[in-house]
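So you know, we letter chains A, B, ... as the sequences are listed, proteins then strands, and number each from 1. Values in this document were obtained by computation on a predicted structure and should not be read as measured data.
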Amino acid sequence: MSEEKSLNFIEEIIAKDLAEGKHASILTRFPPEPNGYLHIGHAKSICLNFGLANTFGGGTNLRFDDTNPVTEDTEYVESIKADVQWLGFNWVKECYASDYFDQLYSFAIQLIEKGLAYVDDSNAEEIAAQKGTPTVPGTGNAFRDRSIAENLELFTAMKEGKYEDGAKVLRAKIDLSSPNMHMRDPLLYRIKRAHHHRTGDAWCIYPMYDFAHGQSDAIENITHSICTLEFIPHRPLYEWGIEQLQLFPSKQYEFARLNMTYTVMSKRKLLQLVNEAHVSSWDDPRMPTISGMRRRGYTPESIRDFCERIGIAKRENIIDFSLLEFCVREHLNKIAQRRMVVTDPIKLVITNYDKGSEILHSENNPEDPNGGVREVPFSKELWIQKDDFMEEPTKKYFRLGPGLMVRLKSAYIIKCDSFEKDAAGNITTVHASYFPESKSGSDTSGLHVKGTLHWVSAAHAIPVVLNEYDRLFSVEDVANAEGDFKDYINPHSLTTITTAWAEPALENDPKQARFQFLRKGYFYQDVTSTSNQLVFNRTVTLKDTWAKEQKK
RNA sequence: UGCCUGAUGGUGUAACGGUAGCACAACUGUUUUUGGUGCAGUUUGUCUUGGUUCGAAUCCAGGUCAGGCAACCA
């Protein structure tokens, strides 16, 4: 049985280009502006660009689109590089648009010399007004008719810092009545005295996106320049620049950006969440950032798998967050070490257990036959989950209750004999008796029970802190919800549990290890965790059909 | 009332004139020393109106709806 993998529309274009000999090999690029942290939407683009190069044989450049010094910073450059590498990709070259500033400047001179660019003294408002509207053509101004010599002189003076910020701009001379607003004499250069994170104060004029991106692609000989849908109207301008300057014919293609339920993807909104302390930082585990997901315990494999599954197309989309969670669970199920942690404990006393304590063994991962076992101490007094006992059990309840039997995972079958309550009526202690012949691995009891509970020996337990995360927002389509997006922040997106007891093995496990805390979910040690106080982040819950059943 | 995109189950994504498939979600059943995992199965779809054709999700025409475009942002 052969699985036919269908190509997405970009792959089809590339396959065709290669087949026709248009290119011997392909070169793509991932071009973030270093003004924020990468998020899962960027991961889609990263997987696309690097993935294309992988499947068709070729490479991918990492290029920082750093043409606006006001918002950019090396902090972001570093985080972006770390995130791309963590996702598992290697770039051919690390490039910066700012490396091309000299070249871009000479391109501008060329356009002026061809009569295709002019210096405009109008201010921003005037230019906007003169551009017209989508239905009303723009009108020119006197500056448009300046001579080539005058434009050359003025542009040189702009570069030399003879004018105030905003006093003049360089514009392309294209078509003020174009139905495409981007072709109505777009700005090429603006005067901006700001410290650039790489070029410092060497420049006081900076190229606009439309005079940097396509040109950078061409300089690097990018064959396929892939961006998101909102750049479609820029494409004629992209092509105009390449044609007029007679550069390498890079081609732009557009796909739909990623949207996900219960979260936001815009940099502006993410920045706001950080600045207004709705989350602790860019790498807060609730954030849809790569760094947040890494800290939460998502694996690069699962994110790549997710990006593979969502596909590439041109229609707007909103992907269920549960698909990402499915990918994370699927991977973690295979690799995570199993451990037992009781999060909301009550005492379980095995009344007929007189051995003091013993060492039992439990498999590290039932999915992995070679995963080995770990030692788990068992004793007379244990901690079990509070909701694993019910005073008056309902019909389908498979756990502990008066007279009911369950298995303690990797240990014995027990039978509940009695329980104690405090003055407030809360269950404090459950008494049970165990069946010595029901020991895991050598069970001769012939008993059969439906429920299996996780547990921790009270005398051997170590305290751990758990951060349990839920969705950041309470509505599916946050971006399209009525009013301020911050009104929909889920107030219960983080629950910190300080009452949890863990089995001692956890103390000696490596910090980077992935865990499944049995019946609770997948967990990953937080960056704040120390040997004195272990702190774990819940990556994702286990699928819980019992919780679902109860809601009915 | 301009230009540009797009429209296939709840959500994504295939089918390139010839059986509407796959995944997630939801729901059954089954297995299970995790109410996890695995396995088996069920439910749900081509925006609309015409046209071309033996045959249309696919081609053509009109309509409807959704999104984008008028930053000295990218």
Side-chain angles (χ1 to χ4, degrees), chain A residues 3-8 12 31-33 35 65-68 70-72 120 122-124 127-129 131-138 165-171 178-184 187-192 205-206 208-210 212-213 227 229-236 254 256 261 267-268 309-320 322-327 329-330 333-334 338 340 362-363 366-367 396-399 406-411 413 438 440-441 443 449-454 476 516-521 541-550:
Chain A
E3 273 179 47
E4 280 176 44
K5 215 192 108 197
S6 58
L7 302 179
N8 66 48
E12 282 180 359
E33 183 187 12
N35 69 345
D65 223 341
D66 55 349
T67 57
N68 184 5
V70 178
T71 55
E72 297 155 5
D120 192 332
S122 311
N123 61 36
I127 288 177
K131 269 195 182 174
T133 69
T135 53
V136 178
D165 285 15
K168 287 180 166 50
V169 292
L170 183 73
R171 286 227 255 172
S178 169
N180 181 344
M181 297 298 290
H182 293 278
M183 298 298 275
R184 320 242 270 223
L187 269 64
L188 268 24
Y189 267 92
R190 76 281 212 185
I191 304 172
K192 193 174 268 197
I205 58 170
Y206 291 94
M208 300 288 291
Y209 167 85
D210 284 313
H213 201 98
C227 59
L229 256 25
E230 66 269 28
F231 291 99
I232 289 176
H234 294 251
R235 198 198 314 141
E254 312 85 8
T261 56
K267 254 183 209 173
R268 198 195 97 246
R309 285 169 184 267
I310 58 179
I312 299 295
K314 294 189 85 156
R315 83 182 82 120
E316 309 272 350
N317 59 79
I318 181 159
I319 309 282
D320 281 341
S322 55
L323 178 60
L324 213 206
E325 293 186 322
F326 166 82
C327 295
R329 283 194 193 101
E330 189 178 55
N333 177 49
K334 292 197 185 80
R338 312 293 136 123
M340 293 197 284
S362 191
E363 71 273 23
E367 303 293 314
K396 285 157 134 179
Y397 191 77
F398 304 152
R399 307 176 188 179
V406 297
R407 171 169 296 279
L408 295 176
K409 173 70 182 174
S410 300
I413 290 174
S438 69
S440 281
D443 185 351
V449 294
K450 288 201 95 166
T452 299
L453 309 186
H454 65 283
E476 282 197 3
Q516 183 196 104
F517 292 167
L518 244 54
R519 304 206 299 144
K520 299 309 292 182
T541 60
L542 255 27
K543 224 169 105 187
D544 192 347
T545 52
W546 169 241
K548 213 176 276 178
E549 180 71 29
Q550 281 178 305

[X] side-chain N/O to [N] phosphate OP1/OP2 under 4.0 Å:
{"X": "A:Thr545", "N": "B:G36", "answer": "yes"}
{"X": "A:Arg190", "N": "B:A74", "answer": "yes"}
{"X": "A:Lys548", "N": "B:A26", "answer": "yes"}
{"X": "A:Lys192", "N": "B:C73", "answer": "yes"}
{"X": "A:Ser6", "N": "B:U13", "answer": "no"}
{"X": "A:Arg184", "N": "B:C69", "answer": "no"}
{"X": "A:Arg329", "N": "B:U37", "answer": "no"}

Could a donor-acceptor pair under 3.5 angstrom be found where the side chain of A:His182 meets the base of B:A71?
->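 No pair found.
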Contact between [X] and [Y] at the side-chain level, heavy atoms closer than 4.5 Å - yes or no?
{"X": "A:Ser362", "Y": "A:Lys409", "result": "yes"}
{"X": "A:Arg190", "Y": "A:Asn68", "result": "yes"}
{"X": "A:Tyr209", "Y": "A:His234", "result": "yes"}

Without decimals, in angstroms, what is the distance between [X] [atom1] and [N] [atom2]?
{"X": "A:Ile319", "N": "B:C22", "atom1": "CD1", "atom2": "P", "result": "19 Å"}
{"X": "A:Lys543", "N": "B:A25", "atom1": "NZ", "atom2": "P", "result": "6 Å"}
{"X": "A:Arg171", "N": "B:A71", "atom1": "CZ", "atom2": "C1'", "result": "13 Å"}
{"X": "A:Glu549", "N": "B:A26", "atom1": "CD", "atom2": "C1'", "result": "14 Å"}

For the side chain of [X], starting at C-beta, report the closest nucleotide among [options].
{"X": "A:Glu367", "options": "B:U37, B:A74, B:C27", "result": "B:U37"}
{"X": "A:Arg519", "options": "B:U34, B:A70, B:G12", "result": "B:U34"}
{"X": "A:Asp320", "options": "B:A15, B:U11, B:C3", "result": "B:U11"}
{"X": "A:Pro233", "options": "B:G12, B:U34, B:C69", "result": "B:C69"}
{"X": "A:Asn123", "options": "B:U37, B:C24, B:C72", "result": "B:C72"}
{"X": "A:Leu323", "options": "B:G12, B:C24, B:C73", "result": "B:C24"}

Using 4.0 Å as the upper bound for N to carboxylate O, is an ion pair formed by A:Lys267 and A:Glu33?
->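 Salt bridge flag = no for A:Lys267 with A:Glu33.
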